[in-house]
Q: 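Can you keep this structure in mind? I'll have questions shortly.
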Protein chains: 2
Amino acid sequence: MKIRIVVADDHKIMREGLKALIDKQPDMEVAAEAQDGLTATRLARKLLPHVIIMDIGMPEMNGIDATREIVAENKDVKIIALSMHSDRRFVLEMLKAGASGYLLKDSAFEELVTAVHTVMTGQSYLSPRITDIVVKEYLHNLPRNDSTVFTILTQREREVLQHLAEGKTTKQIASTLNLSVKTVETHRQQIMDKLQIRSVAELTKYAIREGITSL
Amino acid sequence: MKIRIVVADDHKIMREGLKALIDKQPDMEVAAEAQDGLTATRLARKLLPHVIIMDIGMPEMNGIDATREIVAENKDVKIIALSMHSDRRFVLEMLKAGASGYLLKDSAFEELVTAVHTVMTGQSYLSPRITDIVVKEYLHNLPRNDSTVFTILTQREREVLQHLAEGKTTKQIASTLNLSVKTVETHRQQIMDKLQIRSVAELTKYAIREGITSL
DNA sequence: GAAGGTATCGGGGTTTTCCTGATTTTCGGG
DNA sequence: CCCGAAAATCAGGAAAACCCCGATACCTTC
C-alpha cells in the first residue's frame, strides 16, 4: 500500500511541483492538497494520511499551529515541515508542535523522499543545516532571545493576531474561527495587554517581526 | 525543436518541481537550472535558451537585475518572472527590466505553460491579479518610478499615514497636528481610498514598505 | 473664471473598541 | 480525585473610531 501524503502550501505551483515529484515515486501518492493551515487540519481529520508536507507561512492558520492541532488529534499522522526559514525559532517551535521532520526548501527532492521514509518508521528527519541548529540549541540552552510570540502568547491568541495583522476585521475573524465577536475582542485585548501594545499598527509590526505575517 | 528553458530559483526543491512539470510537456525541456541571479546570467549567455523562468528573491543577484543584464545582452531571450510577490513595485521593476511575463507562485502550472507559449510569440503574459495591478497603475497615470507614496499621497496625507502607522490614535494625531478629529478622519479616508486599503494593518504594512515608518 | 485638487471642518448614524466583569474548560500537581 | 491557575469563551455599557454625507476656503491650472 502506498504512503498517502497531503501537501500543504499556500503556493499552488509549489503544491503542483511537489505532487508531480511525489507521484513519480512508486510507493507514494498525494491524497490531497491544502492551500492553508485550516484546510490542512480538516484534510488530516478526514483523510488520515500517513504524512503531511507542511509549509510554515500560510494564511488562515500557520503551519505550526496546524501541526499542533493535527498531532494533538492523531499522533499517527507524521508531519514534515518544509520551510524556507532556517531560523531557529521556527525550527524549535515546529518540533515542539510535534513535527517529525524539518526540511528546507533549498533541499533536493531526494531528501524529501528520505525524510518521508524515515518518519514512516517513527524516527525524525532533519535537514543537515537544521540538525546543526538543534544540536547547538541543545548544547547551549541559551537564555532565549527576543522571540516572545511562542512563549507568551497562546495558540488561540496567535491565530487572532495573525488575522489581525492581515487586516481582517474582528467580525471576519469571529466568523472564520466560529467565535463570537466578544471572544475575539477579549483575545485581542489579552494580546495587547501581554505585549503592552495599544494599537493595531504596532500589533502588525510585532507580527511582522515575529514572522507570523508578511509584508 | 523543443522550447529550451532555464529555471532560476534559489529553492532547489522548487526547481526540481518545475523541472518535473516542464519535462512532462511534449514541446519543452529544461536546459539548465540556476540557484542565483549571477548563475542565471552566465547560463543565459552560454546556452541561449528560449525562455528563462526567473524568481525575484535570489542570492548573489536578484532576479530583476539579472533580467536587466540578460535582456540588455540578448533581446531574444524571453524572461518570465515567477514570484510570490504581487507588490506593484516588483511587478513594475521586473517589467521595466525587460521581463515578458509575470506569474505568481499561486498560479496553476497550466498558466505557466500558457505563459511560455505566449512569450514565445513575442507577446507578454501576466497573471490576472498582476494584470489588475498594471491596469490600475496605468489608469492612475503614474509617469514614473517605484515609490507611490510620494506621488499619489499629499504631504498632509503622508504625515497622517506616518502617525497612523506608528500606532497613534486619531485624537492624538489631531492634537499633534493641531487639527480637528474630523479632519484627520477625512485624511485617513482619503488615504485608504487612494491606496484601496481598508484596514490599519495593511496601511501599516504599506507604510513600512514605502519607508515612512520603521518596524 | 471655471475646474479640480487640497486642506479644513461638521452632523449623524453605525461599528468597533475599551473596560469590567463572568463562566466553562483544561490540565498539571498535591 | 480535587484544586487552582491558565486558557477560552462570552456580555453589558460607555467611549472612540468609522462611514457617508456635505460645506468652505485656498490654491493652481487651463
Side-chain angles (χ1 to χ4, degrees), chain A residues 38 41 61 64-66 68-73 75 93 96-98 148-204 206-207, chain B residues 139-143 148-204 206-207:
Chain A
L38 191 58
T41 63
M61 183 187 296
I64 294 173
D65 289 334
R68 199 182 339 265
E69 287 206 6
I70 292 168
V71 172
E73 202 160 321
K75 281 191 292 295
E93 288 303 326
K96 280 203 289 185
T148 55
V149 71
F150 290 107
T151 52
I152 69 179
L153 292 188
T154 68
Q155 178 182 344
R156 204 50 154 173
E157 286 161 357
R158 276 196 302 281
E159 287 184 67
V160 172
L161 174 58
Q162 182 174 2
H163 285 106
L164 280 173
E166 283 166 2
K168 307 281 181 62
T169 68
T170 303
K171 194 181 287 184
Q172 286 175 322
I173 299 170
S175 170
T176 303
L177 301 179
N178 275 325
L179 296 174
S180 87
V181 168
K182 285 298 184 181
T183 303
V184 177
E185 283 181 7
T186 305
H187 283 311
R188 179 172 36 68
Q189 203 58 48
Q190 183 70 9
I191 294 166
M192 288 182 165
D193 286 349
K194 282 184 177 179
L195 301 178
Q196 303 206 288
I197 283 176
R198 279 161 303 281
S199 67
V200 177
E202 288 180 289
L203 222 45
T204 303
Y206 173 84
Chain B
L139 290 180
H140 264 282
N141 195 19
L142 292 180
T148 59
V149 74
F150 291 106
T151 52
I152 68 179
L153 292 189
T154 69
Q155 180 180 342
R156 206 51 155 170
E157 286 162 356
R158 277 196 302 278
E159 286 184 72
V160 172
L161 173 58
Q162 183 171 357
H163 285 107
L164 280 173
E166 282 165 1
K168 308 284 180 59
T169 68
T170 304
K171 193 183 287 186
Q172 286 175 321
I173 298 170
S175 171
T176 304
L177 300 180
N178 276 326
L179 297 173
S180 86
V181 168
K182 284 297 184 180
T183 303
V184 178
E185 284 183 2
T186 305
H187 284 311
R188 180 173 35 68
Q189 201 58 49
Q190 183 71 8
I191 294 166
M192 288 183 163
D193 286 349
K194 282 184 176 178
L195 301 179
Q196 303 203 288
I197 283 176
R198 283 161 306 280
S199 68
V200 177
E202 288 180 288
L203 221 45
T204 303
Y206 172 84

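To find a chain, count down the sequence lines: A is the first, B the second, and so on, and within it residues start at 1.
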Q: Kindly say if A:Thr183 contacts the phosphate of D:dC10, meaning a side-chain N or O under 4.0 Å from OP1 or OP2.
A: yes
Q: Do A:Glu185 and C:dC18 share a donor-acceptor pair, side chain to base, under 3.5 Å?
A: yes
Q: Are side-chain heavy atoms of A:Leu177 and A:His163 found at a separation under 4.5 Å?
A: yes
Q: Looking at B:Ile173, B:Thr204, B:Val200, B:Val184, which one forms a side chain to side chain contact (heavy atoms under 4.5 Å, CB included) with B:Leu164?
A: B:Ile173
Q: Does a side-chain N or O of B:Arg156 approach OP1 or OP2 of C:dT8 to a distance below 4.0 Å, or not?
A: yes
Q: Can you figure out which of D:dC18, D:dT9, C:dC9 approaches the side chain of A:His187 most closely?
A: D:dT9
Q: Closest to the A:Thr154 side chain: D:dA7, C:dC9, D:dT9?
A: D:dA7
Q: As a test of reading the structure: which of D:dA16, D:dA11, C:dG11 is closest to the side chain of B:Lys182, going by heavy atoms?
A: C:dG11
Q: Should A:Gln189 be listed as having a side-chain N or O under 4.0 Å from OP1 or OP2 of C:dC19?
A: yes
Q: Would you say the base of C:dC9 and the side-chain of B:Thr186 have a donor-acceptor pair closer than 3.5 Å?
A: yes
Q: Between C:dT6 atom P and B:Leu161 atom CG, what is the distance in whole Å?
A: 15 Å
Q: Looking at C:dC18, I'd like to know if its phosphate oxygens (OP1 or OP2) sit under 4.0 Å from a side-chain N or O belonging to A:Arg188.
A: yes
Q: If you look at every heavy atom in A:Ala165 and B:Ala201, which pair is closest and at what distance?
A: O-CB, 3.7 Å
Q: Establish, with yes or no, whether the OP1 or OP2 oxygen of D:dA17 is under 4.0 angstrom from a side-chain nitrogen or oxygen of B:Thr169.
A: yes
Q: Over how many whole Å does the gap from B:Leu153 atom CG to C:dG5 atom P extend?
A: 15 Å
Q: The test is side-chain contact (heavy atoms from CB on, under 4.5 Å); show your working for A:Leu195 and A:Ile152 and say whether it passes.
A: CA-CA 8 Å; A:Leu195 301 178; A:Ile152 69 179; 3.6 Å; yes
Q: Within less than 4.0 Å of OP1 or OP2 of D:dA16, is there a side-chain N or O belonging to B:Lys168?
A: no
Q: Can you tell me if the side-chain N/O atoms of A:Lys171 get under 4.0 Å from OP1 or OP2 in C:dT15?
A: no
Q: From CG of B:Asp193 over to C1' of D:dC19, roughly how many Å is that when rounded to an integer?
A: 10 Å
